[in-house]
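Only a predicted model underlies this, so the values are computations on that prediction, with no experimental measurement involved. Proteins get letters first, then strands, A, B, ... in listed order; numbering begins at 1 in each.
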Protein chains: 2
Amino acid sequence: MRDRKSERHARTRAEILDAAWETARAEGLAGLTLRDVARRVGMQPPSLYSYFASKDAVYDAMFAQGCREFLEGQARTALTGDALADLKAVARYFIGFCTENPTRYQLLFQRTVPGFEPSAESFAVSEEGLKALRGMLAGIGVTDPEALDLLTALGTGLADQQISNDPGGDRWIRLIDEAMEMYFAHISKRMKAGDAP
Amino acid sequence: MRDRKSERHARTRAEILDAAWETARAEGLAGLTLRDVARRVGMQPPSLYSYFASKDAVYDAMFAQGCREFLEGQARTALTGDALADLKAVARYFIGFCTENPTRYQLLFQRTVPGFEPSAESFAVSEEGLKALRGMLAGIGVTDPEALDLLTALGTGLADQQISNDPGGDRWIRLIDEAMEMYFAHISKRMKAGDAP
DNA sequence: CGCTTCTCCTAACACAGTTAGGATTCTCAT
DNA sequence: ATGAGAATCCTAACTGTGTTAGGAGAAGCG
């Protein structure tokens with residue numbers, strides 16, 4: 001039978017989470033206030049504690065939700081088999097995801113919230129996303145951990161820069177393409193050199 | 001004549017700043033508390049307001065000090081004239097500076113403190129550091145803004161990754177070298193291609 | 001209908017940054 | 001040396017934060 005009680009609970013929880021995202025986008029991640037969230041959903045602040053054990057639990061739920069969104073978008077990114085083109089597509093997706101919602105990026109990848117650390121549960125979701133990303137790259141032929149680190153550094157660096165400079169601009173597309181070409185040339189050369197003796 | 005009054009003021013101010021760095025390193029940047037700083041220097045919290053107008057002013061002073069430290073170290077980085085070697089040296093200095101004191105890096109480059117934005121004055125010091133860095137790179141032959149963005153992204157990405165993975169390790173030296181070789185090959189190719197028609 | 005459980009409330013606490021206002025002490029020209 | 005003036009440092013108190021305690025009322029289910 002339908003469990004009306006827990007359905008209602010989940011619905012309210014989602015409502016609170018939405019309100020939390022609203023405040024976070026408006027006031028910044030650190031500017032998020034339980035009192036503000038409560039006002040938005042028409043409750044008194046302590047009432048939120050029926051749905052989240054603490055403010056950190058709210059951040060944690062936002063984190064997990066962000067990871068899930070990342071995964072969904074990732075699954076929609078079509079690959080062609082052309083390594084360089086796919087590399088560009090993955091990078092574009094990643095940086096597009098980051099710039100689309102800087103608050104979310106900040107929470108997921110910059111870990112900029114004062115004392116917050118994702119719970120084991122949420123972290124697992126995050127790991128799943130990374131695994132999928134790594135799978136994509138392996139499909140392209142990038143498996144060397146050092147090369148992967150290089151690529152990761154390039155990706156997060158570009159995203160950071162993009163967000164702090166002109167989020168929403170499109171100069172970054174050129175920059176990403178250039179970066180990926182640079183990276184592709186590098187690993188191609190290395191693979192030709194035959195690093196596995 | 002010696003102005004004993006302002007000397008004493010400056011001395012106490014420096015003392016407070018040191019205490020602030022101590023707490024920041026121990027508790028994290030966001031965990032810095034005026035009450036904690038006051039306890040460390042043997043004062044009551046409100047007394048700090050004779051030296052700093054607000055908590056943000058403390059962050060601001062820390063920011064400016066960090067920038068000055070960056071400049072000093074930068075001036076000590078000797079260049080040889082060999083472009084690739086110099087590129088590596090600059091990158092190593094940058095990332096060494098970042099990993100040496102992650103708290104300082106966080107304040108200077110990640111801007112992770114809740115509502116803090118550096119004042120115009122402190123920001124000027126920061127700009128001076130960037131100008132010097134840009135000068136170094138120009139000396140090596142890197143002036144193309146897009147190439148510079150690419151390099152910046154690579155540098156901050158590597159620093160971020162290094163700090164969150166194994167600060168103090170030395171694997172990053174290899175990674176930096178590899179990154180700089182990759183970057184150098186890229187701009188060399190581009191310059192040969194003759195991007196200036 | 002009656003029992004249980006959940007929801008949401010008010011009151012209050014601890015701990016931030018910060019302000020007000022007043023002793024005390026230091027500095028320096030007279 | 002001494003008194004005016006300024007700087008230092010204090011206590012008390014305010015606002016806004018997250019959070020806890022405890023209870024009134026509604027919702028759901030037999």
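For B/Gly42 and A/Asp36, each mapped to the nucleotide of DNA chain D holding its nearest heavy atom, the one lying further toward the 5' end belongs to B/Gly42.
For B/His9 and D/dA7, the shortest distance from a side-chain N or O to OP1 or OP2 is not below 4.0 Å.
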Show me the donor-acceptor pairs, under 3.5 Å and distance only, between side chains in residues 101-110 of chain A and residues at least two apart or in other chains.
from     : atom 1 : to       : atom 2 : distance (Å)
A/Asn101 : OD1    : A/Thr103 : N      : 3.3
A/Asn101 : OD1    : A/Arg104 : N      : 3.2
A/Arg104 : NH1    : A/Glu69  : OE1    : 2.6
A/Arg104 : NH2    : A/Phe97  : O      : 3.1
A/Arg104 : NH2    : A/Glu100 : OE1    : 2.8
A/Tyr105 : OH     : A/Asp160 : OD1    : 2.6

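When all heavy atoms of A/Val58 and A/Leu17 are compared, the closest pair comes out as O-CD1, 4.2 Å.
Partners of B/Ser54 under the side chain to side chain contact (heavy atoms under 4.5 Å, CB included) rule, at least two apart in sequence or in another chain, are B/Asp56, B/Ala57. Taking A/Phe52 as the reference, nothing meets the ring pair (Phe, Tyr, Trp, His ring centres under 6.0 Å) condition, with sequence neighbours excluded. Applying the side chain to side chain contact (heavy atoms under 4.5 Å, CB included) criterion to B/Arg174, with sequence neighbours excluded, gives A/Glu146, B/Arg171. Annotation: ring pair (Phe, Tyr, Trp, His ring centres under 6.0 Å) contacts of A/Phe184 (sequence neighbours excluded): none.
Between the P atom of D/dC10 and the CZ atom of B/Arg39 lies a distance of 14 Å, rounded to the nearest Å. Separating the CD1 atom of A/Ile16 from the P atom of D/dG18 is a distance of 14 Å, rounded to the nearest angstrom. Rounded to a whole Å, the CZ atom of A/Arg13 is 15 Å from the P atom of C/dC6. Atom CD in B/Gln44 sits roughly 16 Å away from atom C1' in C/dG21 (whole-Å rounding).
Taking a 4.0 Å limit (strictly below) on heavy-atom distances, residues 21-35 of chain A does not reach DNA chain C anywhere. For the segment residues 48-66 of chain A, the set of residues with a heavy atom within less than 4.0 Å of an atom of DNA chain C comprises A/Ser50, A/Tyr51, in numerical order.
Nearest nucleotide to the side chain of A/Arg8, out of C/dC9, C/dT7, C/dT19: C/dT7.
Sorted by first and then second residue, the ring pair (Phe, Tyr, Trp, His ring centres under 6.0 Å) pairs involving residues 123-149 of chain A (not counting sequence neighbours) form an empty list. Among residues at least two apart or in separate chains, there is no ring pair (Phe, Tyr, Trp, His ring centres under 6.0 Å) pair with a member in residues 17-37 of chain A.
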